[in-house]
Peer 1: 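Handing you a structure now.
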Amino acid sequence: MSRLLLLDGHSLAYRAFFALPVENFSTSTGQSTNGVYGFTSMLINVLRDETPTHLAVAFDVSRQTFRTEQYAEYKAGRASTPSEFVGQVDLVKEVLNALRITHVQVDGFEADDVIATLTAQARSQGMEVLICSGDRDALQLVDDGTTLLYPRKGVSDLARMTPAAVLEKYGVPPERYSDLAALVGESSDNLPGVPGVGPKTAAKWITQFGDLSGIVDHADKLTGKAGQATRDHLDQVIRNRRLNQLVADVELPVTVDDLAVRGWDREEVHRVFDGLEFRVLRERLFATLESAEAEAEEGIEVEGTMLDAGEVAGWLSLHAGPGERVALVVQAAPRTPAGPGEATALGLAGGEHAAYLSLPEATPEDETALAVFLADRTRPKVLHEAKGQISSLELRGLPVEGVVSDTSLAAYLVRPDQRSYDLADLSLRYLRRELRLDEEDQPDGTLDLSWGDEEDTPADRAAARSLMVHARAVHDLSVALDAELADEEERSLLGEVELPLVGVLRRMEQVGIAVDLPALEALEREFGDAAEQAQQDAWEAIADDSVNLGSPKQLQVVLFETLGLPKTRRTKTGYTTDADALAGLYAQTEHPFLEALLRHRDKTRLRVTAEGLIRSVADDGRIHTTYQQTIAATGRLSSTEPNLQNIPIRTEEGRRLREMFVVGADAQGPYEALMSADYSQIEMRIMAHLSGDEGLIEAFRTGEDLHRFVGSRVFGVDPAEVTPEMRSKVKAMSYGLAYGLSAFGLSKQLGISTGEAKELMDEYFERFGGVRDYLRDVVAEARRSGFTETILGRRRHLPDLTSDNRQRREMAERMALNAPIQGSAADLIKIAMLRTEEALREAGVRSRMLLQVHDELVLEIAPGEREQVERIVREQMGAAADLRVPLDVSVGVGRSWHDAAH
DNA sequence: AGTTAAACGTA
DNA sequence: CGTACGTTTAACTT
């Protein structure tokens, strides 16, 4: 049986371009290759999986086609082709030439028309046809012998669109798809659909009236708003239908018979792939095309063993000796409010072999052998997201030592502004290896496992395979990422800071912080009652109790239509109703509704915060937050479930929430107090250090109030004569500088004219020239090198510094200003946390660290240890780095977090 | 049901 | 038209 495979070269390369991060795919000469890489990868996969006898790739020639002649707006409004994509289509053609694969393009027609024509020819000869395209228009070609392979996501997941699949997904058979598309529209072609008509409605009508002409003929019978809209847009729908019809009789320079698969040009493939620096892909290509008998392989090949009772010690001694790096992947029970669940199973991978161990099935001897291995710091382990996994093991009485890498942390240090460090993503990016872990990708029948015995169910085997595949990926990734770390400084940042910090954070999470639950519940009710009262007052003020005060949309109606108040700043969807704007309106109008509304906002917010905290209290009466170590691009930690880094402090009422965090107890008895220790003005001190500005350094060395000192220089008066207004202006500016503040932003914040703000900034920079020079140089240096760096060598890449787009470039410039400062502060407190914990351990005290809030540490103090711990914390925080200015630490103690403030 | 935008809390 | 985050709610989408 002959089988023709047709690919849409442009659409697939374009899909690949967006699926793969461009910065990870470029040659040493700077040519981007993500599009051509992804296309080639897809090509290899379909060749392997579909074994076609005939093959061609179609391309568009230009945007000018018969469709643009008929409808000038066709495919208009598209973003211009990204510069990194330019040239990649030609590279795709080079690859095809080397593989002796025919490519076809015809002036005035799109790739899909070429595909439609070839499909018609092939079908008339009784051939089976496979189309691989990212363009949905090709769905109209699907029939019993024609299947569309449509990229679902990424470059390795293709949906197999048969007639049944089309019907299932769109509710219409393939020959009616174009009718549906004409109604719904196709945004990528700039063909607008009928407003209010989605695929569901369109499919319903098509079923009801047979096809589009049936709908047109019976347009008067279409019901509802959507029906009226369709009648109003009938011409447009008919035009859409004419444009989305593919042309199946294009005159082509080739016939189907010319497309028979030929041998390929080995020399040329080597030359082209060398130029593109595709090494892994070349191996895959050769493996796929050279062995005709090569069977389809699912994901990674893993040589592994499902360990049976009594086999653990043996495996470990063979594959996990001293110095032998072993990856661990833990499967655990669901997490609880108190933290991660207990470990249930384990995947291990050494250099060659992998193993799987189900903990409930392990014998006491097995567990002992495992425990010895895990606790042995001379046997190196690597994990992905180690913190949670180690906690799960420890819950099961299996402490872990000797962790030499965490692949999520390593990947974070390499590129700190990624959204996720998902293992499968990292595997694809750094190993160029697809981690196929979906259950559906591994139907039982294809599981051909060389390990395990008859008692293992298919589900056991699938779980085992998955853990071993994970472990193998973690092992190989840890090696690959070691090489990706920029320099010795970054390796030490991982080994000496981030990795040891995992343990500190883990213990802080596990300990949690005690909460006065009854008081918190009372407070929640109090805030709730106050919110209720505010709502009543607000409703009364406008004589309307139907308004949802929490709905910005409804508020806009009330404020700007019903009450006719002056319009505020624009947002995407209307006018802002944020607190600043409402306060401004209140100042102008003194309308009682505004006062009540603001009060309602405040109280509701407090109530909701209290509510969330109550929900988070675990059975031990404490709140166990989770610290995320790979989220903030600057190097800070973040806190989730719940976020304990944004508990209110600025207002009196907000601070009452801090009173709810109290000193608690442990198995040995109660603690004495909470202690809060924070760095004062850490960011300005780092600015002084990094800039070397003599004036600012002197400010910190004299011990004079910083803003008073700076104010006296800026305004040219004695420190004693600096008024509160002068001080607050200078304070706002000092802090703003580290964020890339503009004169405009400063004027807005201080409520002064832009001119006045400009003068203020000029005067500031005149007096503190070192700061001005530093801020200028830090951006220039980052533009040159492509990244910023903190005191400990933590890098943040900012490619947008050279963007043509002003908005993006200026955003990147502000990030470049801020990242070294915020990031260095993060470095310092991380060092302080490590040393503080170590010093507390050496001192043998019971007191312990509970929270980190960027520049503050909260500790729980055991009876009689207050002075000793204060000394330790002051010393370790103060000595975290040797800066050109002192690091000032202020400490407070009390029964609650609020009382410990100072 | 799942996503996005607005609002707002912290450093 | 100042950085870095996380959470909640309403509204939008299908």
Peer 1: Rounded to the Å, how far apart are A/Gln629 CD and C/dA4 C1'?
Peer 2: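 Answer to the nearest Å: 16 Å.
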Peer 1: So if I define the base as every atom that isn't primed, P, OP1 or OP2, how would nucleotides 4-11 of chain B read as a B/S/- string at a heavy-atom cutoff under 4.0 Å?
Peer 2: -SSSBBSB
Peer 1: Please tell me which of A/Leu741 and A/Gly550 maps to the more 5' nucleotide of DNA chain C, matching each residue to the nucleotide holding its nearest heavy atom.
Peer 2: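 The residue mapped nearer the 5' terminus is A/Leu741.
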Peer 1: What nucleic acid atoms does A/Glu641 come within less than 4.0 Å of, heavy atoms only: base, sugar-phosphate, or nothing?
Peer 2: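 It contacts sugar-phosphate atoms only.
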Peer 1: OP1 or OP2 of C/dG6 sitting under 4.0 Å from any side-chain N/O of A/Ser638?
Peer 2: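 Affirmative; the distance criterion is met.
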Peer 1: Could you state the CD-C1' distance from A/Gln852 to C/dC5, rounded to the nearest angstrom?
Peer 2: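 From A/Gln852 CD to C/dC5 C1': 12 Å.
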Peer 1: Would you kindly give the CZ-to-C1' distance between A/Arg796 and C/dA4, to the nearest whole Å?
Peer 2: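 Going from A/Arg796 (CZ) to C/dA4 (C1'), I get 8 Å.
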Peer 1: Under the side-chain contact (heavy atoms from CB on, under 4.5 Å) test, which residues partner A/Glu641, sequence neighbours left out?
Peer 2: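 A/Glu641: no side-chain contact (heavy atoms from CB on, under 4.5 Å) contacts found.
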Peer 1: Which residues pass the salt bridge (Lys or Arg N to Asp or Glu O under 4.0 Å) test with A/Asp580, not counting sequence neighbours?
Peer 2: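 So A/Asp580 forms no salt bridge (Lys or Arg N to Asp or Glu O under 4.0 Å) with any residue.
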Peer 1: Could you go through residues 775-782 of chain A and list every donor-acceptor pair under 3.5 Å that involves a side-chain atom there, pairing it with any protein atom two or more places apart or in another chain?
Peer 2:
| unit_1 | atom_1 | unit_2 | atom_2 | d |
| --- | --- | --- | --- | --- |
| A/Glu781 | OE1 | A/Arg784 | NE | 3.2 |
| A/Glu781 | OE2 | A/Arg784 | NH2 | 2.7 |

Peer 1: Base, sugar-phosphate, or nothing for A/Ala633, non-hydrogen atoms under 4.0 angstrom?
Peer 2: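 The answer is sugar-phosphate, as A/Ala633 gets under 4.0 Å only of primed atoms, P, OP1 or OP2.
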Peer 1: Counting just side-chain N and O atoms, does A/Ser551 come under 4.0 Å of either OP1 or OP2 of C/dA11?
Peer 2: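 Yes, because at least one side-chain N or O of A/Ser551 sits under 4.0 Å from OP1 or OP2 of C/dA11.
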Peer 1: Hydrogens and angles aside, do A/Glu561 and A/Gln556 bring a side-chain donor and acceptor to less than 3.5 Å of each other?
Peer 2: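 No, no side-chain donor-acceptor pair sits under 3.5 Å.
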Peer 1: Would you mind classifying the nucleic acid contact of A/Arg607 as base, sugar-phosphate or nothing, using non-hydrogen atoms under 4.0 angstrom?
Peer 2: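 The residue A/Arg607 makes no contact with any strand.
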Peer 1: Any base atoms under 4.0 Å from A/Gly736, or only sugar-phosphate, or nothing? Heavy atoms, all strands.
Peer 2: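 Contact class for A/Gly736: base.
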Peer 1: Quick one: A/Ile614 CD1 to C/dT8 P, roughly how many Å, whole number?
Peer 2: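 Nearest whole value for this atom pair: 13 Å.
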Peer 1: With a non-hydrogen cut-off below 4.0 angstrom, is A/Arg806 in contact with a base, only sugar-phosphate, or nothing?
Peer 2: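 Nothing, no heavy atom under 4.0 Å.
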Peer 1: Tell me every residue that passes salt bridge (Lys or Arg N to Asp or Glu O under 4.0 Å) with A/Arg419, counting only those two or more places apart in sequence or in another chain.
Peer 2: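 Applying salt bridge (Lys or Arg N to Asp or Glu O under 4.0 Å) to A/Arg419 gives none.
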Peer 1: Determine the contact category for A/Ile631: base if any of its heavy atoms lies under 4.0 Å from a base atom, sugar-phosphate if only primed atoms, P, OP1 or OP2 are that close, otherwise nothing.
Peer 2: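 Sugar-phosphate: the residue A/Ile631, judged by heavy atoms under 4.0 Å, touches backbone atoms but no base.
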Peer 1: Please enumerate all residues that pass salt bridge (Lys or Arg N to Asp or Glu O under 4.0 Å) together with A/Asp705, with sequence neighbours excluded.
Peer 2: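 Once residues adjacent in sequence are excluded, the partners of A/Asp705 under the salt bridge (Lys or Arg N to Asp or Glu O under 4.0 Å) criterion are A/Arg727.
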Peer 1: CG of A/Asp800 versus P of C/dT3: gap in Å, rounded?
Peer 2: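 Taking atom P of C/dT3 as the reference, CG of A/Asp800 is at 13 Å.
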Peer 1: Is the A/Phe593 ring parallel, tilted or perpendicular to the A/His591 ring (thresholds 30°, 60°)?
Peer 2: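 Geometry flag for A/His591 against A/Phe593: perpendicular rings.
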Peer 1: In this structure, how many angstroms lie between the P atom of C/dT9 and the CD atom of A/Gln535, rounded?
Peer 2: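 Answer to the nearest Å: 14 Å.
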Peer 1: Just N and O in the side chain of A/Lys553: are any of them under 4.0 Å from OP1 or OP2 of C/dC12?
Peer 2: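 Yes, A/Lys553 has a side-chain N/O under 4.0 Å of OP1/OP2 on C/dC12.
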Peer 1: Determine the contact category for A/Met811: base if any of its heavy atoms lies under 4.0 Å from a base atom, sugar-phosphate if only primed atoms, P, OP1 or OP2 are that close, otherwise nothing.
Peer 2: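 Since only primed, P, OP1 and OP2 atoms lie under 4.0 Å of A/Met811, the category is sugar-phosphate.
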